[in-house]
Structures are given as structure tokens and as C-alpha cells.
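All values below come from the heavy atoms of this structure, side chains included, with hydrogens, waters and symmetry mates left out. So that the names make sense, note that chain A is the first sequence line, chain B the second, and so on, each numbered from 1.
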Amino acid sequence: MTKKTVEGKIIRISGPVIEADRMRGAKMYDVVRVGDEHLIGEIIRLNEDIATIQVYEETSGLKPGEKVVSTNEPLSVELGPGLLTNIYDGIQRPLPAIKDETGDFISRGVEAYALDRKKRWHFKPLVKKGDRVQSGDVIGEVQETSLILHRVMIPPDVPGGVVKSVVDEGDYGIEDEIMVIKLGNSSDKVIGIRMFHRWPVRKPRPVAEKYDPSLPLITGQRVIDTFFPVAKGGTAAIPGGFGTGKTVMLHQLAKWSDANVIVYVGCGERGNEMTDVLREFPELEDPKTGEPLMNRTVLIANTSNMPVAARDASVYTGITIAEYYRDMGYDVALMADSTSRWAEAMREISGRLEEMPGEEGYPAYLASRLAEFYERAGRVRLLGSKKIEGSLSVMGAVSPPGGDFSEPVAQNTLRIVKVFWALDADLADKRHFPSINWLKSYSLYLSEVSSWWEKKIGGDWLGLRNKAMALLQKESELQEIVKLVGPDALPPREKAFLETGRMLREAFLQQSAFHEVDTYCPEKKQYDMLRIILSFSDKMHEAVEKGVHMDDIISIKSRELIARMGTFSNIDFEKHFKEIEQNMEKEIDNLIKKQNSNMTKGE
Amino acid sequence: MGRNIEYTTVSEVAGPLMIVENIKDVAYNEVVKIRTSYGEERTGQVLEVYENKAVVQVFEGTRGLDTDKTSARFIGETMRLGVSKDMVGRIFDGTGNPLDDAPPIIPEERRDINGNPINPYAREYPREFIQTGISAIDGLNTLVRGQKLPIFSGSGLPHNDLAAQITRQARVLGREEKFAVVFCAMGITSEEANFFIKDFENTGAIEKTVMFLNLADDPTIERVILPRMALTCAEYLAFNLDMHVLVILTDMTNYAEALREIAAAREEVPGRRGYPGYMYTDLAAIYERAGRIKNKKGSITQIPLLTMPDDDITHPIPDLTGYITEGQIVLDRGLHKKGIYPPINVLPCLSRLMDRGIGKGRTREDHAGVANQLYAAYAEGVDLRDLVAIVGEDALSERDKKFLHFADEFEEKFVSQDAHENRTIEQTLNIGWELLSKLPLSELKKIDEKHIKKYHPQTQPKKE
Ligand SMILES: Nc1ncnc2c1ncn2[C@@H]1O[C@H](COP(=O)(O)OP(=O)(O)O)[C@@H](O)[C@H]1O
Ligand SMILES: [Mg+2]
């Protein structure tokens, strides 16, 4: 490898895009340092001697003539212990360190290591001298947080070999050499391994094999888990106009998903939303372990007022970190809010490059960039000799102008992802939350995950789910008729359908993210709630057939309790639910009896 | 460094832009002093720069510029505003010069008007309830300190009255603290500006107000820098002088038009409806300057006003704004015609910071439940109105009729209030309860049972 430093000079500045001359020899996508303040940029086009560069920091005050120096390395992230609980900007600079250096406001030209160089980690080796190791093999562990055991691996780009030496268990910094391996058969070529390595963000980390996802990612959100589930290793999009609930839902998923590690990318959205996560996650407990949720979370923040070029980088930075934890054998979930802002950044840069605009000004490569991004999700067999599995699930918000899903970002995304959670402004206006439209949304993982549900939770899960869906469909058709004739004109049987629809919507589909209990609904509770609502529905129909008046049915005491099932404690809901169900049956049976005796009396 | 060179090499003037050739050592975004052939001074800013050529945007407009004698001098720094505590009580024009008769201020500091982004790690999450005395806001779309909450209006609707009422009445309960108003007028008429000035004078708020004025007949292009100056001033007052600053930006629609004008002059590929593709980022650079910072006493609360062209909320200006701000207050022509003031249609309204700003210890424990229930009931009532229009009220069940009447009462008693009526949050919530008590008890599913027991006006809840 020859290292020749390419040094050119700025000849044009237009917002975040600059051009530099005398850049021959620099490589596409190499990182460069721009100007006297060494701003960070990336080469995005080369034409003879001229490089076009997107600059990840504010370019005000930059002048033609200032220097541009190539680092000869593509945009990369540092991967090692210390990522969890941290918050980074789009190019992996830690925001706490930036604050220490420049105060409350971010100024430019800040240099800060992504991973703390001084911190000591307790490293426990898992291999010994003489062992054969290959890329991806776990060679030691570090307890990174109370929730995550960090597995130190042979990086994917280091070929296999034999362990020549390894340090004893003890405390080390990430730059310390913890192991030396002899490469291949030649005995003189050795390579030192440290607890961290660098990886270029635009290059997916390799895996041995990709599988079809088969397990559900449990999110504790009823409309998702029961109606439109996402699988571990799956992809989902949540498009919606402003205020329809994209961010709240992604926060909910980040909080409650049963993934091991969460990477949350705030891409071109509000600063306060990142602050909210920083404030709340350390206080929230993981429902399975009781540990603070922050201990499994990495945050990437390129807020809407931060430089636009770094928006593109933020998405890649996030997914590379996510892949890294997947490579340890974890189930990782990444949320990106919002992929539309990323696409707009592409559009803005493309515009400045004067590229031929495609649909609505987006570059022609929009679709392929989105596809490449979501393609990095999956359930996979990892590199390494142990044949371990890991998964990376990806969920992206889409923010369509005017809330109209026919625009290019939403359309291209929907062609790729397997789950579509369609947010609906009408529902949001009525404060039906989450405002996921149950008639428009879909999940292509339903049959894959149903065997898990039926084995673990209830044998008739899919049947119940489909029945509820059919009832909701029926309700919506009846609503159309009601609009013409009014509700009172409907026959009692039809009114019973409306009541079931209402109950499903209000008691099951709606779930407040801010309710202290209902914010998270365990699998069994979801199943029981659905079952009870459907048995209420059956019972109601039975009564109506026997001539019981609908007004009497909806006045029963249990109906109100059914409507409030979500708020019953997640620990001992079962005993309450049993009682509610029995009372409901008893109350309706009484109505039927009364009706029978009235009829006999009448005769 | 050649800083004092007067270039007379203007090669092109188009729209609000001017191109200067054969330049040297010019920085991106640098400020340019321009002199017309007849000696008038103007200010511009470098939008794009090459080794020997700069594209300059001219703030006071390009009328009268020529390619012959017009000269340009690059001043060696980006656009700055001198800030000082003495700005409070003063009025400035679109380039930051005093408009009143008082002497120019002596700046304590000169700041880049573009500011720097607040580090999200340094932000403090805004949670402190501001009582505006307006039920539709306090009860259902609560404002908190450090929030950016715009008013989406339409031409001819009383958004100015509402903004003035908020400015008059807004206060944080139980505190007396340093506060200031920064008022930034972009392209509004002098009549509108006078309305505010008079109102501020009547309440004495004028002493605490900094005004930045660009009126309808002032150069449009100045509107692009005006809010940046206003917010630079606000940041100084809030984060250096510990003041709680309320920033009113009106009218953001005029701001967006100015942006569009520049984009068109640059022959950029237009985005939706001719607005530039980067308008989201540009607006965010303004709105995101609201907020709170850890360990700082002051705060910046923003109330931007905008008129929705054609009352269309999907128009890019309200749309992009709504994507950035922390909610929106939406005025409605239908309600206005019914004579309801403030004509706030609560359904499309939102305060994203409400959930964590209300409740026990902040407003009242039942607040969230009451708000959710009022929303749900009103939405249902409004839906029923459509139905009644077709099938008549008689086709409704008894239950539905109650919701229908609820919707009417809600507009008349809860939303509607006098422009000088200042309701406490308790009064607001109690009106809410009074309305809800006319619905069957079993329908109040969104309110916690304990709160129903404690606050429901009917002490004997068994009867229907
Ligand atoms: N699941 C939910 N439960 C309760 N409220 C919700 C829920 N989802 C959204 N909301 C309400 O809607 C508002 C807007 O949601 P948000 O996720 O910020 O919208 P978006 O990101 O689509 O603009 C929130 O501030 C909250 O009041
Ligand atoms: Mg959002």
C-alpha cells in the first residue's frame, strides 16, 4: 500500500458542496480535510483533477484557495466497547465530548474520538496461544454495560491465523494490543488485534449467509405485534404526515422491542426528540431484565439544524454500528427518523452537483440507495467458525409532503420493505393512537411469525387475528351504510358488528404511549385481550339473535371493564381478565334469560 | 488582505442577485457592501463563490444596480448583529439599524446571525407549563417554555388578536422572572405592525420588547435575514442574560416567499410548488433556535404565525413548518364565521410537548384524561354532524345525540372566550368537566376512574 497524500485547493463553494482542484489521485468516497479549520468532507465526484466534496460541517467563511487534504480513507466508524449509551453526531463524533470542547452550541472543526481512549475495560480472553481463529471469531469479552456483553471479534477484513500471544484477563484500553495472530501459513506475518477496529460505513459488513426471518420482534404494541408484526431481521416503514405519530412509535419500538441492542438514528428531525430519549431511557427499565434501557442503546443525532450533508452519513454510521452488534450474535433493531430527510439531503447535494433530476427533483439513484440500506437488514449466519446467528431489523419513518404517500420516497420504500404501517391523519386528529390505519397497513411476515405465537402463546392466534381483521373490515363497510341511513336504521345484528368494531378500535388498537401501564403490552396480555373482545362479540351476537336489545347489552357493567383492559397491571392481569370474562358472560346470559322469560310471559 | 478593494466588476444583475467578477479572497456567506452608481449603500451576502467570481444576494433589492459603475466591497466577515441588553425596548429595521429616534446601541458582542446549532446533548427538555389563559391552548394544546408552537391561520382570520392575547396573558404560574418579547415582522402591513405596537404599549410590554420590522413595502429579500437577527438577539437575551424570551415571527409565509424568490433567481430546480428543495432545512435553522439549555436560566419560546395559502394545510409552508415545530394551533374559517373567537379548530391542533408538561405537580392530575376525553368526544360529535346533514337528527340514537350536542357546547363554552378573558388552568379543566358530565358516565373511558370520582360534577354518578 502506497500512501500518497493528495493535496488540492478549493475553487468553488456552494453551500455544503465544494469543488477542489489538483485532486488527481484521490479516491471516490475518501474523506478529506477542508480548509484552514480542517472541516470534514467526503469526495462524491471526481472529474480529471477536480473533486467535488460534500462537507459535513458548516462552510460559512470558507474561501477558494484554501487547502483540501485527502485522508486516503473512506468515511469509517470506530467499532469497539463504549458505543452503548453514547450519543454521536452523523459522523460519529460524541456529542458529550463536543459539548466539553465547544460548549452548548456546536461549532465546527471539532476533533473527538468516537471511543474513549482513556477508559479501561475488563477484558476476558476466550482463546489461548496456538488456537486457530478466523474472521468473525469471538476472541474475548468485555462487559460493556449491565445489559450487553461485548464480544471482541477478529475483524471481517483480517484473515484467519493462529494465536501467537494473548493478554491475560485484566483491564485494558481500547488501543492496547490484546492479541497477536500469525496469518495463514507463512510464519512471519503477524497482526495485532485490539478491542476496536474501523470499518467504512458505506460497505455492508459481510455475513456467511442470509436466512428468511422467522421470529417476531415483539414490540409490546398491540397493533403491531398482533396485526402487522415485524420479524427479527425484517424491515418496516412507517409513513405519515406531521403529527401522525412516527416519532412516538419509533421511540416506543426503541423502548420496548425485545431486541438486544437498539440503534436510534435521528436524521434531520428535532433536537428535543433526542434530548427526550437521553432524558427518559436511563430511567426506563427493560421489561425483561429491569436494567436501564439506555444500557442497550446507541443514539445518532443529526438534527434538522445540523449540517445537511451529515444526514446521509448519519444513516450509514447508524447501520454500520448496528451490524457490528449483530456480528456479536445479537438481535439488533435500528430506527431511522426520518428517511425522508436523508432522501432530501441526497436531493440537495445532487442539485448542487447539477445532476439530472429524477422524479420530484430526487436523484435517479434514490431507489437504489434506499434498497441498499434496507438490504443491510436481515437474519443471518455470521462469519466465524461457530456458525452463530444474529439479526438486524430496520424500521424507517417516512415523512411525505402533505401526508400524500404517492411521492417518490414513500413509493420507493414501500417497494422494498415487508411491513407497512400506514399512519392516518384523520385518526391522529381524533386522537386514535397509534394512528396506524388497520385497513391500509400490511405485514408480509404474518405467516412466518404465526408459528411462534401459536406455539408460545395460543394455538388459535392466527385464527383470532384474522377474525378480528375481518370484523374490522366489516365494521368499515357498515360505516359506509350508516353514513347513508343513520345508525338507528340498521338491524340489531349489524349494530352488534358496529359495537365489536368500536370495541376493537378503542380497547385493542388504541394504546397510549404515555399511559404508565399500557405503554407496553406483553404478548399474553395482547392475546387475552383479543380473545375476550371476540368472545364478547360472539356472546353479543348470541344475545341479539335471541332478541335481546342492543341498548341493554351495551349497558352491562363488564363492557366498560373490557374497554379498559389495557390499563390492568401487566403482572396479574390474568386473574382480572378471567373475572371480567366470566362476568360478561353472566351478565349477557342474564339478559338472555330475562328476554326468554319476557317472551314466555308475552305468549 | 485586499479587504478594501472596491470591485466595479459587476457582470450581471438578475432578480435579487448580482455577479461580481475578478474577485480575490472572498469567503462563502461573506457580507458585501454595495454602492450604486448614484452613491446609495446596500448590503449583500455571498451565496456562491468561485476562484474569481461571486454570486451575491442583495438585501435591499437590486433596483438601480448596474454593470457599469456599481461597486462591491467584501467586508471580511459573515453577517453579524451587535447585541446588547440595551436592545430591549428598541425597534430595528431589516438590516439591524435602529428605526426609532434613540441613538444606535453599543454592542457588547457581535454575533454571526446564523448562530450555531444547540448540541442536543446540552438541551434541557422543555416541561414548564405556560398558562396563556386560553382554554383551547392550555387545556388541549399546552404550551411550555422553550417550545416552538406556530399558529396556522388564513387571510382575514384573527391570528394577530390571538398572538397579542398570548403575549399579554402568557405566564408561568407562581414565578416572577425576567422576560422579554422579541417581535419579528416580515412583510406585514404597517397597520398590523401598529396593532401590535399599540397593544404592547397598552400593557407596558413595549418596554420589554425588541422589534425587528420589515414591512410590506420594505425590500422582500431582507426577510431572509430578519428572523435570524431576531433570534440572534433572542439567544443573547435568553442564554447570556437569563431572560425568558417569547419570539413572535410573523408572517412566515412572507419569509418563504422571499426564499422562493432567491431560488428562482438562481434558476435552481424548484421543489414542490416552486419552493426550494432545501426549504425544510432552511426553516429548521430558524425554528430549532427555540429551546432550553441545561444549567441556563433563560429560554426561547417561539410563536411563528403563518397564513396558509388557500387555507390549505398541505401547502409546503404550513406542511414543512408542521414537520419541524413542536405542534401547531390551527385557526378555522368555519368557526370564525360562526362567530367563535378564538376560532381554533382543535382537531388538527397539536402540542407535542404537552404530554410531559402537564399532570400532577405541573397542571392538574386529571389534565391528560380530560384532554383526551374532550378530544375523543368532540371528534365523534363533529363526525355526527356530517351524518345529521344527510339523515337528520332523528335517525341518531340517544347516545349519539348527546355527542352531537356536546360538540356544539364545546365550541361555544370551551373554545370560545373573550379576547380579554384570562382563564386559569383550573377554570379551563372545570369547564371541560362540566361539558363531559353531560355524556353518559360509561363513555368516559379515557379518564382514570379515580379522577372521575374526584372531579366529576355529579356526586351521584349512578343516575343517567
Ligand atoms: N402511541 C401514542 N400514544 C399517545 N399519543 C401519541 C401516540 N402517538 C402519537 N401521539 C401524539 O401525537 C403527537 C405527534 O406524534 P409524533 O410521533 O411526534 O408525530 P410525527 O413524528 O409523525 O410528526 C405526539 O406528541 C403525541 O401527543
Ligand atoms: Mg416525528
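Looking at Leu278(A) and Tyr121(B), their side chains come closer than 4.5 Å, going by heavy atoms from C-beta outward. By the 4.5 Å heavy-atom criterion applied to side chains, Pro64(A) and Tyr50(B) are not counted as neighbours.
Here the closest non-hydrogen pair linking Ser60(A) and Thr78(B) is CB-CG2, 4.1 Å. Closest non-hydrogen pair, Ala285(B) versus Asn305(A), comes out as CA-CB, 4.4 Å. Of all heavy-atom pairs spanning Tyr375(B) and Asp429(A), the tightest one is CD2-O, 4.1 Å. Pairing each heavy atom of Phe105(A) with each of Ile118(B), the nearest pair is CE2-CG1, 3.5 Å.
Among Asp400(B), Val382(B), Asp383(B), Asp282(B), the residue with the largest count of heavy-atom pairs under 4.5 Å with chain A is Asp383(B). Chain B forms the most heavy-atom pairs under 4.5 Å with one residue out of Gly65(A), Gly361(A), Pro487(A), and that residue is Pro487(A). Contact count against chain A (heavy-atom pairs under 4.5 Å) is highest for Val49(B) among Val49(B), Asn29(B), Asn52(B). When each of Asp386(B), Thr314(B), Val391(B) is checked for heavy-atom pairs under 4.5 Å with chain A, Val391(B) comes out on top. Among Glu66(A), Glu560(A), Glu19(A), Arg559(A), the residue making the largest number of heavy-atom pairs under 4.5 Å with chain B is Glu560(A). Of the residues considered (Glu124(B), Glu449(B), Glu235(B)), Glu449(B) shows the highest number of contacts with chain A, using heavy-atom pairs under 4.5 Å. When Gly243(A), Gly402(A), Pro357(A) are compared by the number of non-hydrogen pairs under 4.5 Å with chain B, Gly402(A) comes out ahead. Your options are Leu484(A), Thr567(A), Asp276(A), Asp488(A), and the one with the most heavy-atom pairs under 4.5 Å with chain B is Asp276(A). If you tally non-hydrogen atom pairs under 4.5 Å between each of Gly486(A), Ala507(A), Ser555(A), Ala301(A) and chain B, the highest count goes to Gly486(A). When the candidates Arg341(A), His515(A), Lys99(A), Arg108(A) are compared by the number of heavy-atom contacts under 4.5 Å with chain B, Arg341(A) comes out ahead. With chain A as partner, the option from Ala379(B), Ala284(B), Gly322(B) having the largest number of non-hydrogen pairs under 4.5 angstrom is Gly322(B). Put simply, of Glu288(B), Arg272(B), Lys53(B), the one with the most heavy-atom pairs under 4.5 Å next to chain A is Glu288(B).
Both the backbone and the side chain of Leu396(B) have a heavy atom closer than 4.5 Å to some heavy atom of chain A. Using a 4.5 Å cut-off between heavy atoms, Arg311(A) touches chain B through its side chain atoms alone. The contact between Lys246(A) and chain B is made entirely by side chain atoms (from C-beta outward), counting heavy-atom distances below 4.5 Å. For Arg270(A), the parts sitting under 4.5 Å from any heavy atom of chain B are the backbone and the side chain alike. Residue Arg127(B) touches chain A through its side chain alone, counting heavy-atom pairs closer than 4.5 Å. Residue contact with chain A, scored on non-hydrogen atoms closer than 4.5 Å, is absent for Pro270(B). Residue contact with chain B, scored on non-hydrogen atoms closer than 4.5 Å, involves the side chain of Glu280(A) exclusively. Proximity to chain B is limited to the side chain of Val308(A), based on heavy atoms less than 4.5 angstrom apart. At a 4.5 Å heavy-atom cutoff, the contact between Thr303(A) and chain B is made by side-chain atoms alone. Neither the backbone nor the side chain of Val248(A) comes within contact range of chain B, judged by heavy atoms closer than 4.5 Å. Of the two parts of Pro400(A), the backbone and the side chain both hold a non-hydrogen atom closer than 4.5 Å to a non-hydrogen atom of chain B. Proximity to chain B is absent for every atom of Ile18(A), based on heavy atoms less than 4.5 angstrom apart. At a 4.5 Å heavy-atom cutoff, the contact between Arg564(A) and chain B is made by side-chain atoms alone. For Glu58(A), the part sitting under 4.5 Å from any heavy atom of chain B is the side chain, from C-beta outward, and nothing else. Only the side chain of Lys9(A) comes within contact range of chain B, judged by heavy atoms closer than 4.5 Å.
A distance of 9.0 Å separates CD of Glu398(B) from CG of Asp551(A), quoted to the nearest 0.5 Å. One finds the OH atom of Tyr323(B) at 7.5 Å from the OG atom of Ser338(A) (value rounded to the nearest 0.5 Å). Here CE of Met550(A) is found 10.5 Å from OG of Ser397(B). Values are rounded to the nearest 0.5 Å. Distance check: Asn119(B) CG to Glu101(A) CD gives 11.5 Å after rounding to the nearest 0.5 Å. Atom CZ of Arg399(B) and atom CD1 of Ile554(A) lie 7.0 Å apart (nearest 0.5 Å).
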Before you tell me yes or no, could you show the steps for Arg12(A) and Glu48(B) under salt bridge (Lys or Arg N to Asp or Glu O under 4.0 Å), namely the whole-Å CA-CA distance, both residues' side-chain angles and the distance that decides it to 0.1 Å? CA-CA 8 Å; Arg12(A) 176 186 169 214; Glu48(B) 186 170 347; 2.6 Å; yes

Yes or no on side-chain contact (heavy atoms from CB on, under 4.5 Å) for Thr281(B) and Glu344(A), after CA distance, side-chain angles and deciding distance? CA-CA 9 Å; Thr281(B) 302; Glu344(A) 285 160 14; 5.8 Å; no

Stepwise, does the side-chain contact (heavy atoms from CB on, under 4.5 Å) test hold for Glu273(A) with Glu326(B)? CA-CA 10 Å; Glu273(A) 291 173 346; Glu326(B) 283 144 352; over 6 Å; no

Chi angles and distances behind the salt bridge (Lys or Arg N to Asp or Glu O under 4.0 Å) call for Lys63(A), Glu30(B): CA-CA 10 Å; Lys63(A) 289 179 192 162; Glu30(B) 184 170 347; 5.9 Å; no

Using the rule given for salt bridge (Lys or Arg N to Asp or Glu O under 4.0 Å), can you reason through Lys446(B) versus Glu506(A), listing the C-alpha separation, both sets of side-chain angles and the distance that settles it, and then say yes or no? CA-CA 10 Å; Lys446(B) 306 234 169 195; Glu506(A) 292 182 358; over 6 Å; no

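Judged by the 6.0 Å distance and 45° axis criteria, Arg352(B) is not positioned over the aromatic ring of Phe242(A).
Remark: the backbone N or O of Leu347(B) is paired with a side-chain donor or acceptor of Arg431(A) at under 3.5 angstrom.
Between Pro120(B) and the choices Ile106(A), Leu299(A), Asp89(A), Asn272(A), the side-chain contact (heavy atoms from CB on, under 4.5 Å) rule is met once, by Ile106(A). The salt bridge (charged side-chain N to carboxylate O under 4.0 Å, His left out) test with Asp104(A) is passed by exactly one of Lys296(B), Arg123(B), Lys294(B), Arg292(B): Lys296(B).
In this structure, a donor-acceptor pair under 3.5 Å is absent between the side chains of Gln510(A) and Lys445(B).
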